[in-house]
2 protein chains.
Amino acid sequence: MAGNTSAPGASVTSRALALLGAFDERHRRLTLTQLAERAGLPLPTAHRLVGELVAWGALSRTDEGCYVVGRRLWDLGLLAPVQTGLRELASPYLHDLYGATLATVHLAVRDGTEVLYLDRLAGHTSVPVVSSVGSRLPLHATGVGKVLLAHAPAEVQRSVLAELPRLTAYTITQPGLLRRQLARVLREDHATTSEEMSLGACSIAVPIRRGPEVVAALGIVVPSLKDRARLAGALQVAARGIGRSLGTG
Amino acid sequence: MAGNTSAPGASVTSRALALLGAFDERHRRLTLTQLAERAGLPLPTAHRLVGELVAWGALSRTDEGCYVVGRRLWDLGLLAPVQTGLRELASPYLHDLYGATLATVHLAVRDGTEVLYLDRLAGHTSVPVVSSVGSRLPLHATGVGKVLLAHAPAEVQRSVLAELPRLTAYTITQPGLLRRQLARVLREDHATTSEEMSLGACSIAVPIRRGPEVVAALGIVVPSLKDRARLAGALQVAARGIGRSLGTG
DNA sequence: GCGAAGCTTCCGGTGAGTGGAAGAGTGGAC
DNA sequence: GTCCACTCTTCCACTCACCGGAAGCTTCGC
């Protein structure tokens, strides 16, 4: 379970990349030994490569001797054209939603069998929110995930329904129940969750369409679903606005 | 002027990194030939290394055959601890400012002799805004830049004042004039620009303090400075709020 | 159809990368 | 103070994976 291992004899580049790949959401700070292990490299090799990466700015070393992703990679990553148009166009609508709901607002797309969060407007509320920009979460336990799953190809649905890991006591782990919920998402054009991803957090989400095709999802995180109708309405108006901009952009 | 050139005999890793370093704000899309030239590598070498980088996801290839920064580097870059605490704490205040002014709001720090933009809330206005998250701009031609410069060490001021590149017809290029403005920034505790960075855009900015020390700057971009007093007031309230959170965080 | 520009593949020589082994720091237990 | 365990750093000779010139391959424009 130690991340990417790179077989001996692999190219130098792939070893350096294996080191970078050792970092993820759950492992933002790693010691040299951890890095070497997760990359599947001997310690001296890791030591030398990490030295080069630090010199370039791809990694940097904290005071405590741990390694973290460096600022130069932050710069570089921001140049990546990851749905740039969508994020740009959606931005004002996220603000509007935040203004109307004061809840944390999310813009997400599907990436294989996961949700990929593209943007986030964090509210002041104390509702626990586990998703941050760039993070990936399972499709079956979040509002935006259910929306994206409901509109995903059959093979993706099959693959996701085949394994529904439990995240809280309320996570839906029965394929039949989730399948009925997805049908309802298509019917009502919005999805909800109740503490299925993390305790204390509910969510409401709607699809964003470019023409007939669902290209993304818009969601908010709230402490309870009692205001569901009003919030779903607000989300749908914003989603349509974004969809319209997409069509004409 | 072709970016990083890597001498022959340099390590493999440094060659791969030289390829990544070929990308910047002004060069987000490069052909193989451009990449090879900017990295100072022979074409076949660049070709092979780029192939490995693409396979890993560090780069990707567009339909037109250009290379761009890949999604995996976007993911990775977001893990970098670049002023995470500051950005997190400032976020709600940026929203508040946006709500109060409807202008584009910026959070920035000084990075050597440049401004580094950490966060941005883009307004609906048609005012041209050249700064985006992760970008760097000269300290002498932006509002946040003047604030940060006014509070920078003497050696940084000297180095910046020694060369004031002209960006528009209104850019301040006389050291004496800029020096007087910086004194005024200290006195009035806010800075302004009038079309000094890009035509049609003015800005107002204030320092963010952690205790006595200026650690960042907060600014907005507006079409004119006529509402200067009110806007500076709003900025100062927000900056104090952020500073207070920093102190207690 | 031709030429030019950009991309891709090939392959033998060679020197840069590899990683075992040994040494140096660090901190905790007694 | 002494020991031990752990993590990090340096060294160096062998070898094999990288290098890049040359040649072939597309894809344009004319």
Side-chain angles (χ1 to χ4, degrees), chain A residues 1-24 26-70 81, chain B residues 1-24 26-70 81:
Chain A
M1 286 289 110
N4 302 319
T5 55
S6 67
S11 76
V12 190
T13 310
S14 77
R15 285 159 193 247
L17 293 174
L19 284 170
L20 295 183
F23 292 92
D24 65 25
R26 314 273 321 150
H27 302 89
R28 297 180 177 231
R29 309 161 52 80
L30 297 168
T31 66
L32 180 61
T33 309
Q34 291 173 320
L35 258 169
E37 173 161 356
R38 287 176 60 80
L41 295 176
L43 209 73
T45 304
H47 180 253
R48 185 169 32 80
L49 291 176
V50 163
E52 291 189 57
L53 292 171
V54 169
W56 190 78
L59 300 181
S60 63
R61 195 162 194 190
T62 66
D63 301 336
E64 305 93 49
C66 287
Y67 292 96
V68 294
V69 176
Chain B
M1 286 282 110
N4 303 319
T5 55
S6 67
S11 76
V12 191
T13 310
S14 78
R15 285 161 193 245
L17 293 174
L19 283 170
L20 295 183
F23 292 91
D24 65 25
R26 316 271 322 150
H27 302 89
R28 295 181 179 230
R29 310 160 51 79
L30 296 169
T31 65
L32 180 60
T33 310
Q34 291 172 322
L35 259 169
E37 173 161 356
R38 286 175 61 80
L41 295 176
L43 208 73
T45 304
H47 180 253
R48 184 169 33 79
L49 291 177
V50 163
E52 290 189 58
L53 292 170
V54 168
W56 189 78
L59 300 181
S60 64
R61 193 160 195 190
T62 66
D63 301 336
E64 305 93 47
C66 286
Y67 292 97
V68 294
V69 176

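Order of the sequence lines sets the chain letters (A, B, ...), proteins ahead of strands, with each chain counted from 1.
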Let me see the working for B/Y67 and B/L19 under side chain to side chain contact (heavy atoms under 4.5 Å, CB included), right down to the final yes or no.
CA-CA 11 Å; B/Y67 292 97; B/L19 283 170; over 6 Å; no
Select base, sugar-phosphate, or nothing to describe what B/P42 touches, counting heavy atoms under 4.0 Å on all strands.
sugar-phosphate
So, does A/T45 get its side chain near the phosphate of C/dG19, meaning an N or O under 4.0 Å from OP1 or OP2?
yes
Once rounded to the nearest 0.5 Å, what's the spacing between atom NE2 of A/H47 and atom CG of A/L49?
10.5 Å
In Å, rounded to the nearest 0.5 Å, how long is the span from CZ of A/R61 to CG of A/L53?
13.5 Å
Examine D/dC8: is either OP1 or OP2 under 4.0 Å from a nitrogen or oxygen in the side chain of A/R61? Give yes or no.
no
When rounded to whole Å, the CG to P distance for the pair B/L41 and D/dC18 reads 15 Å
What is the separation between atom CD on A/E64 and atom P on C/dT26, rounded to the nearest whole Å?
15 Å
A/P44 has its side chain closest, among D/dG21, D/dC8, C/dG19, to C/dG19
Report yes if at least one side-chain N or O of A/R15 is closer than 4.0 Å to OP1 or OP2 of D/dC18; otherwise report no.
no
Distance in angstrom units between B/Q34 CD and C/dC7 C1', rounded
14 Å
What integer distance in Å separates A/L43:CG from C/dA24:P?
17 Å
How many whole angstroms separate atom CD of A/E52 from atom C1' of C/dG17?
10 Å
What heavy-atom pair brings A/L43 and A/T33 nearest, and what distance separates the two atoms?
CD1-CA, 3.8 Å
If the cut-off is 4.0 Å, is A/H47 near the phosphate of D/dC8, judged by side-chain N/O to OP1 or OP2?
no
Determine the minimum heavy-atom distance between B/Q34 and B/R29, stating which atoms define it.
OE1-O, 4.0 Å
Please state how far atom CG in A/L19 lies from atom P in C/dT18, giving the value in whole angstrom units.
10 Å
Interatomic distance where CG belongs to B/L49 and C1' belongs to C/dG17 [whole Å]
14 Å
Given that A/T13 and A/G65 both sit by DNA chain D, which one's nearest nucleotide is further toward the 5' end?
A/G65
B/R48 atom CZ is separated from D/dG21 atom P, nearest whole Å, by 12 Å
